[in-house]
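Excluded from the calculations below are hydrogen atoms, water molecules and symmetry mates; all remaining heavy atoms, backbone and side chain alike, are included.
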Amino acid sequence: MNYKGIVLVTPRNDEESLQIIKIADAAGILILVSQQPHGAKLEREERLVERVREVIADVTRLVIVEIPGVEAENNLRATGLEVEIIDHHRYTDLDRMQPTSSLEQFLVKFEIDEARLRELGFDPEMVRGVGIIDRGFLWALRDEIKDKELAKRMRDYYRGLNDELGKEHKDMNEVAGKAWSEREERPGLLIVKTDREDVQFRDAISFLVADNYDVPPQIVVIEGKRRMFVQESDKAVELFTVYGGFTFGCDRCWGIQAKPDRPLPELEEVLGRIS
């Protein structure tokens, strides 16, 4: 595939996006990395056209990974740029749910198969594992990968990507461990929370749950007054319909981030909807 004129616009805020960046860089795909954390919005990307053209002056096509913003996308198109979207989430007033992860979509869009991954220096099985975990967490890995040793290597590889993401992500395990030790267990339900808002520890909780449960319970994860998640729930889309926010994990998970005019829903109210 000829990558001439293409710029990949992506955050570097989780294991999947870091894997995409690594592969794109090795393949010679030009990249503009957003500095936004989870919850990135395209309208927050200042001077985007100018920054893209600093990457390559004759850019013709943008491929944007998980930075939603329909109005901003249309404004980019109005400048003459072709804009394509890679995503697999459902947001308030914007449905971009897909059955495949963003990493899996990226590989297809840029025609990078297993042979090409090997040429670029990657283990296709480990890359596959990142896509599976991001799409359906460790439960999907358990369902799709029957070789336990391979599944363990995939998990370890995924955690290694986390270690590369910086101090905030390294603190995640410590915060998650403390929150896990103080978890509240109800029939078929776990509640894990912390007052810390500076560390997003939901991924680490998913690993702890997978280590301790054969069948995933519903999990409520609360990060201070800033973020709330419900995972492995048949009620994820219902919660999204009532409260907004976003869904992920093939519509089995829901999350919401507080705004100045919209605090998080009350825990007991959410529990009443999922119980």
Side-chain angles (χ1 to χ4, degrees), residues 11 13-17 34-44 66-70 87-97 134 136-137 139 162 165 168-169 171-209 216-275:
N13 56 16
D14 62 12
E15 295 84 353
E16 181 188 43
S17 59
S34 168
Q35 299 305 312
Q36 293 191 59
H38 277 150
K41 301 292 184 183
L42 197 59
E43 62 266 22
R44 298 179 194 148
E66 294 189 10
I67 311 179
V70 172
D87 207 333
H88 64 124
H89 299 284
R90 192 192 305 272
Y91 307 97
T92 304
D93 301 323
L94 183 61
D95 184 357
R96 287 186 168 162
M97 179 60 61
D134 195 85
F137 299 120
W139 311 108
N162 177 77
L165 286 168
E168 175 185 335
H169 289 262
D171 288 347
M172 178 177 70
N173 292 328
E174 179 182 347
V175 174
K178 184 176 186 300
W180 180 256
S181 69
E182 298 170 352
R183 69 191 180 277
E184 179 182 349
E185 298 190 48
R186 301 187 186 185
L189 175 70
L190 293 179
I191 302 169
V192 186
K193 55 187 178 180
T194 178
D195 292 332
R196 292 279 297 271
E197 297 180 349
D198 58 320
V199 177
Q200 299 185 40
F201 70 105
R202 179 182 56 80
D203 273 4
I205 292 298
S206 297
F207 277 86
L208 290 169
V209 172
Q218 290 189 105
I219 315 156
V220 180
V221 178
I222 303 173
E223 297 173 347
K225 296 180 179 180
R226 190 172 181 183
R227 290 173 293 267
M228 175 185 287
F229 306 92
V230 176
Q231 297 186 183
E232 303 305 328
S233 176
D234 294 335
K235 304 290 182 133
V237 174
E238 179 182 325
L239 293 171
F240 170 81
T241 301
V242 173
Y243 300 113
F246 54 95
T247 67
F248 55 104
C250 296
D251 270 347
R252 295 278 302 160
C253 305
W254 166 81
I256 192 167
Q257 183 160 313
K259 295 181 178 180
D261 61 341
R262 187 190 66 186
L264 296 180
E266 293 294 330
L267 173 60
E268 291 303 322
E269 181 181 342
V270 171
L271 292 177
R273 292 186 179 278
I274 67 175
S275 298

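Residues passing the salt bridge (Lys or Arg N to Asp or Glu O under 4.0 Å) test with E66: none are found, sequence neighbours excluded. For D95, the side chain to side chain donor-acceptor pair (under 3.5 Å) criterion is met by R90, not counting sequence neighbours. A search for side chain to side chain donor-acceptor pair (under 3.5 Å) contacts involving Q218 returns S233, not counting sequence neighbours. The salt bridge (Lys or Arg N to Asp or Glu O under 4.0 Å) test applied to R202 returns no partner, not counting sequence neighbours. Residues passing the salt bridge (Lys or Arg N to Asp or Glu O under 4.0 Å) test with D234, sequence neighbours excluded: R252. The side chain to side chain donor-acceptor pair (under 3.5 Å) check on R227 picks up E223, with sequence neighbours excluded. Residues forming a salt bridge (Lys or Arg N to Asp or Glu O under 4.0 Å) with E182 (at least two apart in sequence, or on another chain): K178. Contacts of F207 classified as side-chain contact (heavy atoms from CB on, under 4.5 Å), with partners at least two apart in sequence or in another chain: L138, R155, Y158, R159. With sequence neighbours left out, Q36 forms a side chain to side chain donor-acceptor pair (under 3.5 Å) with E45.
For the pair E15/D203, a side-chain contact is recorded, criterion being any heavy-atom separation below 4.5 Å from C-beta on. Within the 4.5 Å cutoff, no side-chain heavy atoms of D198 are placed close to those of D171. For the pair F137 and P216, the minimum side-chain heavy-atom distance is 4.5 Å or more. Between T194 and V199, every side-chain heavy-atom pair lies at or beyond the 4.5 Å cut-off. Contact annotation: the side chain of Y243 approaches that of V270 to within less than 4.5 Å [non-hydrogen atoms, C-beta and beyond].
Residue pairs meeting the salt bridge (charged side-chain N to carboxylate O under 4.0 Å, His left out) criterion with at least one member in residues 266-275, sequence neighbours excluded: R186-E268. The stretch residues 181-203 participates, sequence neighbours left out, in no ring-ring contact (aromatic ring centres under 6.0 Å, His included) pair at all.
For the atom pair OG (S17) and CD1 (I67), the distance works out to 9.5 Å, reported to the nearest 0.5 Å. With values rounded to the nearest 0.5 angstrom, K235 atom NZ is found 14.5 Å from D251 atom CG. Atom-to-atom distance recorded for M228:CE and L239:CG is 9.5 Å, nearest 0.5 angstrom. Interatomic distance, CE of M97 versus SG of C250, reported as 6.5 Å (0.5 Å rounding).
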Pair up each side-chain donor or acceptor in residues 254-263 with any protein partner under 3.5 Å, not counting sequence neighbours, and list the distances.
residue : atom : partner : partner atom : Å
W254    : NE1  : G244    : O            : 2.8
R262    : NH2  : Q257    : O            : 2.9

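Environment of NZ in K225: sparse, with no more than 12 heavy atoms of neighbouring residues, nucleotides or ligands closer than 6.0 Å.
Ring orientation note: the planes of F246 and Y91 are tilted relative to one another, at an angle of 30° to 60°.
Between the side chain of T92 and the backbone N or O of G245, at least one donor-acceptor pair lies under 3.5 Å.
Closest approach of D87 and H89 over heavy atoms only: OD1-CD2, 3.1 Å. Between P68 and E43, the shortest heavy-atom distance links the atoms O-OE1, 4.0 Å. Residues E232 and P217 share a closest heavy-atom pair of CB-O, 3.6 Å. Residues S206 and Q231 approach most closely at OG-NE2, 3.2 Å, considering heavy atoms. A204 approaches N173 most closely through the heavy-atom pair CB-OD1, 3.7 Å. Shown here for D134 and E16, the closest heavy-atom pair between the two residues is OD2-OE1, 2.9 Å.
The only option from V192, V221, L190 that meets the side chain to side chain contact (heavy atoms under 4.5 Å, CB included) definition with V209 turns out to be L190. Applying the side chain to side chain contact (heavy atoms under 4.5 Å, CB included) test between I219 and each of I205, L189, I191, V230 identifies I205 as the sole match.
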